[in-house]
4 protein chains.
Amino acid sequence: MDSSGDDDRELAKALAAFSVDEPLAAVISSRAYGSGDYPYTDRPKRKLYQKELRELQIELLKLQEWVKSARERIVIVFEGRDAAGKGGTIHRFVQHLNPRYVRVVALDKPTDVESAQWYFQRYVAHLPYRGEIVMFDRSWYNRAVVEPVMGFCAPQQTTQFLDQVPVFEKMLVDDGIRLFKIWLDIGREMQLKRLHERHKDPLKRWKLSPVDLSAPARWGAISTARNAMIEASHTASTPWTVVLANDKMRARLGAIRRVLAQLPYAGRDDKVVGVPDPAIVLDGHRFLD
Amino acid sequence: MDSSGDDDRELAKALAAFSVDEPLAAVISSRAYGSGDYPYTDRPKRKLYQKELRELQIELLKLQEWVKSARERIVIVFEGRDAAGKGGTIHRFVQHLNPRYVRVVALDKPTDVESAQWYFQRYVAHLPYRGEIVMFDRSWYNRAVVEPVMGFCAPQQTTQFLDQVPVFEKMLVDDGIRLFKIWLDIGREMQLKRLHERHKDPLKRWKLSPVDLSAPARWGAISTARNAMIEASHTASTPWTVVLANDKMRARLGAIRRVLAQLPYAGRDDKVVGVPDPAIVLDGHRFLD
Amino acid sequence: MDSSGDDDRELAKALAAFSVDEPLAAVISSRAYGSGDYPYTDRPKRKLYQKELRELQIELLKLQEWVKSARERIVIVFEGRDAAGKGGTIHRFVQHLNPRYVRVVALDKPTDVESAQWYFQRYVAHLPYRGEIVMFDRSWYNRAVVEPVMGFCAPQQTTQFLDQVPVFEKMLVDDGIRLFKIWLDIGREMQLKRLHERHKDPLKRWKLSPVDLSAPARWGAISTARNAMIEASHTASTPWTVVLANDKMRARLGAIRRVLAQLPYAGRDDKVVGVPDPAIVLDGHRFLD
Amino acid sequence: MDSSGDDDRELAKALAAFSVDEPLAAVISSRAYGSGDYPYTDRPKRKLYQKELRELQIELLKLQEWVKSARERIVIVFEGRDAAGKGGTIHRFVQHLNPRYVRVVALDKPTDVESAQWYFQRYVAHLPYRGEIVMFDRSWYNRAVVEPVMGFCAPQQTTQFLDQVPVFEKMLVDDGIRLFKIWLDIGREMQLKRLHERHKDPLKRWKLSPVDLSAPARWGAISTARNAMIEASHTASTPWTVVLANDKMRARLGAIRRVLAQLPYAGRDDKVVGVPDPAIVLDGHRFLD
Ligand SMILES: Nc1ncnc2c1ncn2[C@@H]1O[C@H](COP(=O)(O)OP(=O)(O)O)[C@@H](O)[C@H]1O
Ligand SMILES: Nc1ncnc2c1ncn2[C@@H]1O[C@H](COP(=O)(O)OP(=O)(O)O)[C@@H](O)[C@H]1O
Ligand SMILES: Nc1ncnc2c1ncn2[C@@H]1O[C@H](COP(=O)(O)OP(=O)(O)O)[C@@H](O)[C@H]1O
Ligand SMILES: Nc1ncnc2c1ncn2[C@@H]1O[C@H](COP(=O)(O)O)[C@@H](O)[C@H]1O
C-alpha cells in the first residue's frame, strides 16, 4: 500500500517531467506494458504471433477475392492517439494484399480549397467503389478528437460533426458499404515510452510532429474527446471497436480478427479466424462503461 | 360542352398519334400555352421581359459579389421533364456571371467506376466551395424520376434514394450550403410542341435523345414519379419550388426572383426583386395539393 | 495632311488621358472600328450575319457528330488581349453544341498546389478524350503573354515556356489531337472603346479585372509578347491563326470557318463553309510580316 | 565441356517444361542465382545488409527533408520483368519515409476514359508537386514493353511512344523534375524460380497475374523490347540505370545508392552513400553493349 503510494508519486513526478530529450524514467518504462489497465502482463511468443498473422493474412487474401468477385465495398477507419500503432496495424492488413484493390488513405491537413468545402467532401472522394477495400489512417474523425483538442476547429464544428457523423455513416452503410471503425487504445506510460523511442530512432523521429509532441500534455483532453466521440457515433449499424493496443502483436491479430469475423467471405476458415480476444477487443459502448 | 367534348376527343386522338416526324396537330399547338392548367392566356411583352431580366441579372451580380465576399455556398438544382426549359433558365442565371465563381454541372450518365460508387459520390465532388455558386442541370434526382421511369435503376434503388435524399440534403444545409430545388413544370401539349419544334430545327435536333423521344409515352409515369419525389424530399429546410413553365419568359423571371428573394445579399433592390408571381411559382407541397 | 497630323496629336492625347471613369474621347470612338489597320470600314448586315452564323452552326453540329463517331479529339485555344472577344466567339461555337461532348475550359489563376507542379500539368488534365471538343478560353499561353507582361512569372520561365511549347504541342498533335490556336487581334482604340463600354454597363463591369484595367498601359508590351509568342510557337503542324477582330461578327464567322475548313467531317457543305475571309483571317507568320 | 553440354541440354529441357504446377527442376533452382551472367556467386550477409540498409534509409530521410525544404520534385520510375523485385525495392525506399510527401503510384490498366486520352495524360496527373517524391511501380514504359509484348497495343503505338518519350521526359527534366529510371534485371532461371515460389506461397500467389504467367514464354520478346526501349530512351539527361537483381539485397542497396549519389541533399554522409557497386549497377548504354 504504502509502497504503491510511493510508486504513484514517483510516477506522477515522472509523467510531469517527461521530455523526449531526457532519458526515459525507469518507472514509466516499467509500467508501460500494463498501463491503462492493460489486462495482460506476459508477452506473446513472436513465433506464434508470426504463424497466426500469416494465417490471418491468407484469410485476408480470401476476403480480397470475395470483395472483388462479389463487388463489395469495405471501409476500415483507424483512429487512436499518436503512437497507438495505427500505421503498423494497417501495414499488417495490406502487406500481402493487391494495391490495385486495397487503398490506404492518409490525408494531409486540408488545403484552402478543401477547408472551403463541405467537411466530408474530401473524404467522400476516397470512398471505395465496388471491389475495393479502403483503409483510412485517420479519417473524418479528426474533427472529433485531433482538431478540437489542438484548437484546429471551433467547438461548434465538433458539435455539428458529432451530430452529422451517424447520419453520414448510416447513408454509407445503407448504400451497402461495410464500415469498420477501430480505435487503438494505449496507456499513458506506453505512449510516452513509444514517443521516446521514436525520438531516439533516426528512422522514426520524423514521425514526431508538433501534434505528437503535444500529445502527452493533452492526455486528458484526448480521453474526454474520445469518449464523447464514441458516445455520439457508436450505433448498432456503425459500431466502434476499441482495441487495447499496449501489445502490438495482440492488437494487430485482434483487429484483423475483428474484421474477418464479421464478413461472409467464401472459404473462411473459422478455426483460423476464431473470435477476437474479448480481453482486448471491445465493443465501443462496453469500453465506455 | 358538346364541342369541348369533341375537342377533348380530338386532342386525345392527336396525343395518341403524336410523332415528331408528322406535322404537329393544330389542336396540340393551339392548346399548348394553356396546357396543364397554366394560369395565363396572354403572353408577356418581350420588351418588358428584357428590361426585367436585365434588372434581375444586375441583382444576380450583387448576389455573386456577396457569395464571394461572405464566402457563401449556393447550390441550385434544376429538374423537370425534357423540354421544360432547364437549360434556357440556367443560361439566364449565369449569362453575365463570372464563370470562375459560378459553375454549371451537367453530368453524363455514370461511368462504370461511378456506378460502382456510393450514388451521391460523383455529385458530392461538384459541391461548391465557399464563394461559389453551382447550378445542377439535372442532379442526384435522376434516381427519383428519369432512372426509374426509363428502367435505368431498380425500384428499390429509387426507394432507398428517396429515403436518403432528405438526410443527405439536410447535412449540406446544416453545413451552411444554401440549397434551392426547382422543378420546371410544363403541360403535356407544350412538351409535344417543343419536342416537335426541336426536331424540325437542325440546331436543336441533337437535343432529342432517346430519353426525350420516349418522354411523351411516359407522361403519366413521370407525373407519378415527380409527385413521389416531391412528397418524399420536400422538407422545411430543403423545399421544392415548382415553376409553371409553359411561358419561358415568366418562368425565368420567376425562378430568378425565387432565388434572389431568399438571400440576404448586400444591396438588394427589393423593388426589382419583388415577390415571385404566386400564380406560377409554387411551394412544392402546395403544388401537390 | 495637316489635319491628319492634328488628328494624330489629338488621338495621342486622348489615348494618354484615357480612363474608364471619364467620358470616352470622340476621337477614340470614331477611330475604333478602323484601328490597328483594320481592313474594312463598312459594317456587315446583321441579318446576313445571323443567317451565315446559323448555317455555320449547323456545320458545327455535323462536326460534333463526326468527332463523336470517328472518336476524334479537337482542341481550340483562344488567346487575345482583354476585350478582344474571346468569350463571345467561344459562345457562338458552343451555343448549339452538346455540353456533354464540348467543354469550355477557363482556368483560374493557379492554386498553390498547381504552381508547385509542372507548368503544363493542370492543362493536360483538361485535354479531350476521344469524341470530345475542348475550347480553351486562355490557355497555357498565359505564360507567353499575360504572365510576363503582368510580372506574374520570371522572364526565364517565359523563355523556357517558349522553348517547350512547340515540343509539347507536337506531342499532342502526333498523338492525333487536332489543335487550333486562334489569336483574336484588336486595335488599340477598339480595346479602349470596349473597356469603356464594359465599365459603363453594370452587367459587364465585373469583367474588368485589374489585369484588364492595366491593359491599355501595357499595349506595347503585349504586342511585343504576342509577336514573340507567335514567332516561337507557330509551326507547320501547330500554326497560329490571327483573326482581326474589330468587327465581332466578321471575327466569329471567320474563326468558325477557319476550324471547319480544316476538318474532314462527313457531310461538309462547302458552299456554306467556304474560305475564311483572307482580309481578316491570317496565318500567324503572315501576320508577323 | 561435355558435361557442360549435358547441363545445357538438361537446362533447355527444364526451361521448356517449366510450369508453376510442377516441382521446380533442380537445374533451374541451382542455376538461378548465377543466371543471366550475374557477376556474384556468394550471398551477402543479411546482418550487414540490414545495417547498410538502415544507414541508407537514414540518408533517405535527409533526402526527404531536402526535397521538402528546397521544394524539389523527384520521380523514380521502376521497371523490370515480373518478379524482378520492383515492389520490394520500392518498399525499402519508402519504408520509413512520410507518406504525406512520398507517393507510390501503381496504375491499373487504363479505364475506357483513360484509353481515349493522350497516352501520357493519366501519368501526368500523378507527377509530383514541389516537395514531393513519386515512385512509379511500372510507368508510361508499359507501352514499350508489357503492352507490345502482350499485344495490348498496336506496334505503331510503341513506335510513336519511343519517339515521344525522350521529348516528354526532357520537358519534365527541363522543368526541374529530377527523374530516375531504373530497370531491375533478372536472369531467366531466377525469374522461373521466383514465379514458382510465388505460386507455392498462398500469400503471394495472387501476385501471379495472367501477364506474369505468360512471362516465361515471352522471355525473348521482352529482352528485345527492353533493349529497344533503352536504346530509344536513354539520353544524357534522362538515363536508364540497369540494376542486376538476382540478389535482392544487393539490388536494393544498389538502387538506393544510385539515387542518393546523384542528389545534392544537405547532410549527405558520403561514407554511407558511397558509390553504387559497378558490377551490378550499370548505366543503360553500358548494359546494352
Ligand atoms: N492545421 C490543421 N488543421 C486541421 N488538421 C490538422 C492540422 N494540422 C494537422 N492536422 C491533422 O492532424 C492529424 C494529426 O497530425 P500528425 O500527428 O501530424 O499526423 P499523424 O499522427 O497522422 O502522423 C493529421 O490527420 C493532420 O492532417
Ligand atoms: N443508361 C443510363 N443510366 C443512368 N442515367 C442515364 C442513362 N442514360 C441517360 N441517363 C441520364 O438521363 C438523363 C436524361 O437524359 P437525356 O434526355 O439524354 O439528357 P438531357 O435531357 O439532360 O439532355 C441525363 O441526366 C442522363 O445522364
Ligand atoms: N497572380 C496571377 N498569376 C498567374 N496568372 C494570373 C494571375 N492573376 C491573373 N492571372 C491570369 O491572367 C489571366 C487574365 O486575367 P483576367 O483579365 O482577370 O481574366 P480574363 O481576361 O480571363 O477574364 C487569367 O487567365 C488569369 O488566370
Ligand atoms: N489490357 C491491358 N491493357 C493495357 N495494359 C495492361 C492490360 N492488362 C494489364 N496491363 C498492364 O500490364 C502491367 C502488368 O500487369 P500485371 O502483371 O497483371 O500487374 C500492369 O501495369 C497493367 O496495368
Side-chain angles (χ1 to χ4, degrees), chain C residues 67-75 100-101 103 105 110-134 140 143 153-154 156-179 233 235 237-238, chain D residues 67-75 100-101 103 105 110-134 140 143 153-154 156-179 233 235 237-238:
Chain C
V67 168
K68 265 175 60 186
S69 62
R71 310 201 72 221
E72 288 286 330
R73 284 168 294 163
I74 296 183
V75 169
R100 306 208 204 277
Y101 308 112
R103 278 186 288 134
V105 175
T111 64
D112 288 357
V113 167
E114 288 168 345
S115 308
Q117 296 171 334
W118 180 36
Y119 175 68
F120 289 98
Q121 191 159 338
R122 67 188 197 125
Y123 296 104
V124 167
H126 292 281
L127 291 175
Y129 48 83
R130 287 185 206 291
E132 269 198 327
I133 300 173
V134 173
W140 46 88
R143 184 134 292 175
C153 74
Q156 67 270 28
Q157 290 181 296
T158 297
T159 310
Q160 195 193 333
F161 170 80
L162 292 178
D163 264 16
Q164 293 204 338
V165 73
V167 173
F168 171 68
E169 293 179 352
K170 183 168 185 311
M171 279 200 302
L172 304 187
V173 165
D174 286 351
D175 198 61
I177 292 179
R178 295 175 186 260
L179 172 66
S233 62
T235 75
S237 59
T238 63
Chain D
V67 167
K68 266 175 60 185
S69 62
R71 311 200 71 223
E72 289 285 331
R73 283 168 295 163
I74 295 183
V75 170
R100 304 208 204 279
Y101 308 113
R103 278 186 289 134
V105 175
T111 64
D112 288 356
V113 167
E114 287 167 346
S115 308
Q117 296 173 333
W118 179 37
Y119 176 69
F120 290 99
Q121 191 159 337
R122 67 187 197 127
Y123 296 104
V124 167
H126 291 282
L127 291 175
Y129 47 82
R130 287 183 207 293
E132 267 198 329
I133 300 172
V134 173
W140 45 88
R143 182 135 293 175
C153 75
Q156 67 270 29
Q157 289 181 298
T158 297
T159 309
Q160 194 193 333
F161 170 79
L162 292 178
D163 263 15
Q164 293 205 338
V165 72
V167 173
F168 172 68
E169 293 179 351
K170 182 168 186 310
M171 279 200 303
L172 305 188
V173 165
D174 285 351
D175 198 62
I177 293 179
R178 297 176 185 259
L179 173 65
S233 63
T235 75
S237 60
T238 62

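Everything quoted here is computed from the prediction, not taken from an experiment. Chain identifiers are assigned alphabetically (A, B, ...) following the order of the sequence lines, protein sequences preceding nucleic acid strands; residue numbering begins at 1 within each chain.
Looking at Phe161(D), there are no atoms closer than 4.5 Å to chain C (heavy atoms on both sides), in backbone or side chain. If you measure heavy-atom distances from Gln160(D) to chain C, the contacts under 4.5 Å come from the side chain alone.
Of the listed residues (Met171(C), Gln157(C), Glu132(C), Arg130(C)), the one with the most heavy-atom contacts under 4.5 Å to chain D is Met171(C). Put simply, of Glu114(D), Arg71(D), Gln121(D), the one with the most heavy-atom pairs under 4.5 Å next to chain C is Gln121(D).
Of all the heavy atoms in Lys170(C) and Gln164(D), the pair that sits closest is O-NE2, 4.5 Å.
Distance check: Gln117(C) CD to Asp175(D) CG gives 10.5 Å after rounding to the nearest 0.5 Å.
In this structure, Asp112(C) places its CG atom where only 12 or fewer heavy-atom neighbours from other residues, nucleotides or ligands lie under 6.0 Å away.
In this structure, the side chains of Trp118(C) and Arg73(D) come closer than 4.5 Å at one or more pairs of heavy atoms.
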